[in-house]
There are 2 protein chains.
Amino acid sequence: MTESESESKFLKSYNPKDFDSPLCTVDMAIIAVEAGELKVLLVQRSEHPHKGCWALPGGFADLKRDNSIEATAHRKLAEKTGIKTPYLEQVESIGNAMRDPRGWSITLLYFALIDFEALSIKEGAVTGSEQTQWMSIHDALKCELAFDHALLLRKAINRLRNKTRYTALPISLMPETFTLTELQTMFELILGTSLQKKSFRRRLEASGLLIGSGDMRSTARRPAALFKRSDSFKSDHVFPGLLDVEIESL
Amino acid sequence: MTESESESKFLKSYNPKDFDSPLCTVDMAIIAVEAGELKVLLVQRSEHPHKGCWALPGGFADLKRDNSIEATAHRKLAEKTGIKTPYLEQVESIGNAMRDPRGWSITLLYFALIDFEALSIKEGAVTGSEQTQWMSIHDALKCELAFDHALLLRKAINRLRNKTRYTALPISLMPETFTLTELQTMFELILGTSLQKKSFRRRLEASGLLIGSGDMRSTARRPAALFKRSDSFKSDHVFPGLLDVEIESL
DNA sequence: CCAATAGTGTCTATTAGACAGTATTTC
DNA sequence: GAAATACTGTCTAATAGACACTATTGG
């Protein structure tokens, strides 16, 4: 018997269910800004365990439909928000015997940043019999989420905050066009501090990530130039230096 | 029936094996420096699939013995190297339908940095009937590792290189005491470039991570001061600025 | 003209790069 | 003293912080 015959014979008799395997899920911290607050999308669990509790959206990978875990994450996101091209990043995987009463369980945590205005499914939507809600990060961390989802949410927010110090990531939370002041306000909201206007504008100018749209936002006072993402835009662009900001770790 | 009775009834009738679940493994890129080269610990697979191929050490979590995936990673590391307190960091999780011929599979990738001299199990050890080997990173990336392990190794090395630009991580690869020149050589080995001696010493001095051991290394020429980790040492200390170095992404 | 917001000029502080210069050892 | 390696002095370059200043709008 050749090696390859031996291998295919082995594979034929192999049944993954013969082994103890952890439960394996994908969970998502889907983040947007609405009404001047950082919010996260929560789902009310319609099944045990933790029935009735608010939780991060997520669930088991559908091995028949999803070719990869990113595909699972994209599918979940599209189901909940209708958005197909978000900023999506894997944060971390947490696995242990205690986090789920059904037994040893692993979750792959992703976070997604979306422009709230681009949502096709908004407030209070009911998807597949599950109630969903946008809750402020602050409230969500206090409100006893299901499983260890408070921990997961903290990990996602910490990642967002850290990356906001040296990347252009928050631009993913902005609409098509926006003013520099609006963008700075978004950075400040995430970091929880105020930033120097000059420094902020300098680094964006130097990055070449944005380009003037030609239009102005006319308000009660002096109008501000509107910008949009340039051709070379990448949301994980790394600026040359760090923003010098304390981050309170959640 | 109360909610909690309802939940415990649900849990009693719940069987994880009723659901399709991916195979779930932990894989480790265990890295050390020997003979002036970055090396990775490889294991020759004694079973199908990819029998006979070199692979990153790893395997299924033992749900009975391991309380968490970090525990699994630590256990695997101790089994292969005898080392209990390495630098250990989760890199990423990769999951898809193609990476393992047995079916949909997820791996949680860790990387560990160890001081080669501290190894209790060295060259050519046979652990549990498996042959192991320290191979240079360069060779390992060329030699057709099992599964997608070449990809995993690239991800681990890229992470190590990136972090070497702004953290003190390579110190985890050093013995108890060492000279600054030896440490700089370690950084240069990882980054694949030479560094400015003055800049290098300045940032270490300012960090307070190291403290003179009092001894000197006596060589053929002027002796060099020996340093050791100070009380405030943390291997993931972040320096204030980046080393200005191109990194060729593997 | 005033209030308010948009946007700029410019000085300082910090930190890395460059590289030449000094120090200490063995032979 | 020569060779080699350890270590330092110091100038430049890049980039963020601070903050006052000018510009442009509506009323």
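So you know, we letter chains A, B, ... as the sequences are listed, proteins then strands, and number each from 1.
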Determine, for nucleotides 17-27 of chain D in 5'-to-3' order, which nucleotides have protein heavy atoms under 4.0 Å from the base (write B), from only the sugar-phosphate (write S), or from neither (write -). BBB---BBBB-
Could you check whether Ser213(B) and Thr177(B), counting side-chain N and O atoms only, form a donor-acceptor pair closer than 3.5 Å?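 No, no side-chain donor-acceptor contact under 3.5 Å.
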No-hydrogen, no-angle side-chain donor-acceptor test under 3.5 Å, Thr167(B) and Asp236(B):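 No.
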Greater than 12 external heavy atoms within 6.0 Å of Lys163(B)'s NZ: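 Yes.
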Nearest-angstrom distance from the residue atom [atom1] of [X] to [atom2] of [N]:
X	N	atom1	atom2	answer
Leu226(B)	dT5(D)	CG	C1'	15 Å
Phe187(B)	dA16(C)	CZ	C1'	15 Å
Leu183(B)	dA6(D)	CG	C1'	15 Å
Arg201(B)	dT5(D)	CZ	C1'	10 Å
Leu204(A)	dG7(C)	CG	P	13 Å
Leu180(B)	dT5(D)	CG	P	17 Å
Gln184(B)	dG17(C)	CD	P	11 Å

In terms of the angle between their ring planes, are Phe147(A) and His149(A) parallel, tilted or perpendicular, with boundaries placed at 30° and 60°?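 The rings of Phe147(A) and His149(A) sit tilted, inter-plane angle from 30° to 60°.
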Within the structure shown, what part of the strands sits under 4.0 Å from Thr181(A) by heavy-atom distance: base, sugar-phosphate, or nothing?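 Result for Thr181(A) = sugar-phosphate.
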Give Ala225(B) one of three labels, base, sugar-phosphate or nothing, depending on what nucleic acid heavy atoms sit under 4.0 Å from its own.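 It contacts sugar-phosphate atoms only.
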Side-chain heavy-atom pair Leu210(B), Leu183(B) within 4.5 angstrom cut-off: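 Counting from C-beta outward, Leu210(B) and Leu183(B) do come under 4.5 Å.
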Check this one for me: any side-chain N or O of Arg203(B) less than 4.0 Å away from OP1 or OP2 of dT15(C)?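 Arg203(B) to dT15(C) OP1/OP2: no side-chain N or O under 4.0 Å.
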Please find out if less than 6.0 Å separates the ring center of Phe187(A) from that of Phe200(A).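 Centroid separation for Phe187(A) and Phe200(A): below 6.0 Å.
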